[in-house]
Amino acid sequence: MTLPVPPDPRVIIQNSIVTLREVVAPLAEDEWARFNASLLIGALEYALGGLGRDRGAEHRSALAAKVASLQAVVDKRGDKDLLAAFAEKSPFVAASQMLVWGQNNPGDTAAAIQKTLRAELYAQLDEEIGAAAPMMGAFVRGMAGEI
Amino acid sequence: MSLKKREKELKAYLARTLKAKGELRLCGEKRITMGQSRAMYILDVAYEGEEGPVEKKVVARIEQWGHLGSDSRNEVATMRALHKVDFPVAKVLSYETTNDVLGQPFFTMDFVPGSSVFSEEVVDEYLQLLHKLHRVDYKTANFDHLERPESLAAPARRAVDHLYGVYCAHVVGEPSPLVAECVQWLRNNAVAAEEITLVHGDPGPGNYMHHDGRIAILNDWEFTALGDPYDDWAYVIWMRGAPYLPEEDWIARIERTIGKPLDRSRLHFWKAVNILKGVCLDQTSHKLYVDGVNPAPNLLAIATAVHLDVVKKLCETVLEG
């Protein structure tokens, strides 16, 4: 038999979750095995939520735009260390340098950097926390000995 | 990891450790779910001892490729030192520093019956024991393995730098700018200790055993160091103790135990450092998982959901607090 149209990975993962939950987990008598079964269900749900989107790339480009939006503020300040952040290829490294600079140089420029970058980074953090919710649920349930 | 694959080596090792005459039987093994930095097994063993047949339980605590950034060297030395001064810790039976027996270093210790489930009945006794730990004379040779801070300012700075070093060494992909900013805040606001004491490093509910309404032993000594006792008090209040008693209740109990008010600003600083501890040590899970060193799904959970949750708490405490 051939498979001219291979099964959708989503279906494979979804069905694996059902099998783990309904067949494998109930048979796991050992505490550690039950814990792992619970976590595997959470891991597959987490993976399922990530299919079809590259959240990492989206976060990178969104942060790069926010870093670039601060160019005028940073130019106006004219601080050599702060300007160096724009030479970084990674927006995450650039943002790190700018926020660290802000902690060491409080004032209007620091406040503008913090307002812009933190808003974007908090939004990304909240999105990732939401995406990882199945993993957290599985971990908490597993630690409590539940599936 | 299952011990089944290494049963022959383990039985021979335990026979040597326990001075068994002839063969030792491994009658049961149970991995404990609690504790993510080490694989913990309760082993039922039977053998012919020097004074006749012996059936007992021993505990094997196995390293996990540096998970959570610690090894057993300090832990074993600290437990042995505390055992010598009659502090309630399990007796270490052996310490295997090679990977020859179980594929990772590990140590064995006496099994102590009891429960780690939270009970308000023993809370005050536990706090008294933690205070007693802070009063142990660390300037004896027993504790030579612990690095001595060069000044009262050193513990805070050293803790932040050490934790961020662990984080940076285990970053996968990109570093978090929010973590970098929080670390700089902590460096800029580091507090000097009033005194240097032994610090447990991971104290609170779950890391002690109680039996018949009394504390039997304190567990998990892998993060023990010489430092600021506020490190421990903050950990009890906001990390391990938070699900069980309100913050003000913990603070009142601790103040009764130590006989003086806690300095709230120092406490806040160490609260933030302890959240940073979670952020940074959890990062080790990420690298071990994606590198395929340890494919266990608990590492994925710690690397993602748990890690992100503590990053958010760190930002709330440091940047928005």
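In what follows, every heavy atom counts, from backbone to side chain, and hydrogens, waters and symmetry copies are set aside. The chains referred to below are lettered A, B, ... by the order of the sequence lines, with proteins before strands, and numbering in each begins at 1. Predicted model, so just to flag it, every value in this text is computed and none were measured.
Within 6.0 Å of CZ in A:R55 there are more than 12 heavy atoms belonging to other residues, nucleotides or ligands. Within a 6.0 Å radius of NZ in A:K76, no more than 12 heavy atoms belonging to other residues, nucleotides or ligands are found. Within 6.0 Å of NZ on A:K66 lie no more than 12 heavy atoms contributed by other residues, nucleotides or ligands. Within 6.0 Å of CD on A:E29 lie no more than 12 heavy atoms contributed by other residues, nucleotides or ligands. At most 12 heavy atoms of other shown residues, nucleotides or ligands fall within 6.0 angstrom of atom CG in A:D108.
Between the CD1 atom in B:I302 and the CZ atom in A:F139 there is a gap of 4.5 Å [rounded to 0.5 Å]. How far CH2 of A:W32 is from CZ of B:R31: 3.5 Å, rounded to the nearest 0.5 Å. For the atom pair CD1 (B:I32) and CZ (A:F35), the distance works out to 13.0 Å, reported to the nearest 0.5 Å.
For chain A, no part of B:E316 is nearby; none of its heavy atoms comes within less than 4.5 Å. Within the 4.5 angstrom heavy-atom criterion, only side-chain atoms of A:Q114, from C-beta onward, approach chain B.
Among B:P175, B:S176, B:C182, B:A296, the residue with the largest count of heavy-atom pairs under 4.5 Å with chain A is B:P175. Each of A:L117, A:L99, A:L121, A:I129 has some count of heavy-atom pairs under 4.5 Å with chain B, and the biggest count is that of A:L99. Options A:N36, A:N104, A:L63 differ in how many heavy-atom pairs under 4.5 Å they form with chain B, and the most are formed by A:N104. Taking chain A as the reference chain and counting heavy-atom pairs below 4.5 Å, the highest number among B:R187, B:E181, B:Q184 is found for B:E181.
What you find for B:A301 and A:M135 is that their closest heavy atoms are CA-CG, 3.6 Å. B:A180 approaches A:V100 most closely through the heavy-atom pair O-CG2, 3.6 Å. Here the closest heavy-atom approach between residue B:P177 and residue A:S96 is recorded as CA-OG, 3.2 Å.
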Can you list the steps and then say if B:L319 with A:Q103 is a side chain to side chain contact (heavy atoms under 4.5 Å, CB included)?
CA-CA 10 Å; B:L319 304 178; A:Q103 284 296 321; 3.9 Å; yes

Full working for side chain to side chain contact (heavy atoms under 4.5 Å, CB included) between A:H59 and B:E174
CA-CA 11 Å; A:H59 294 333; B:E174 297 280 6; over 6 Å; no

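Under the 4.5 Å side-chain criterion, counting only non-hydrogen atoms from C-beta, B:T304 is not in contact with A:E128.
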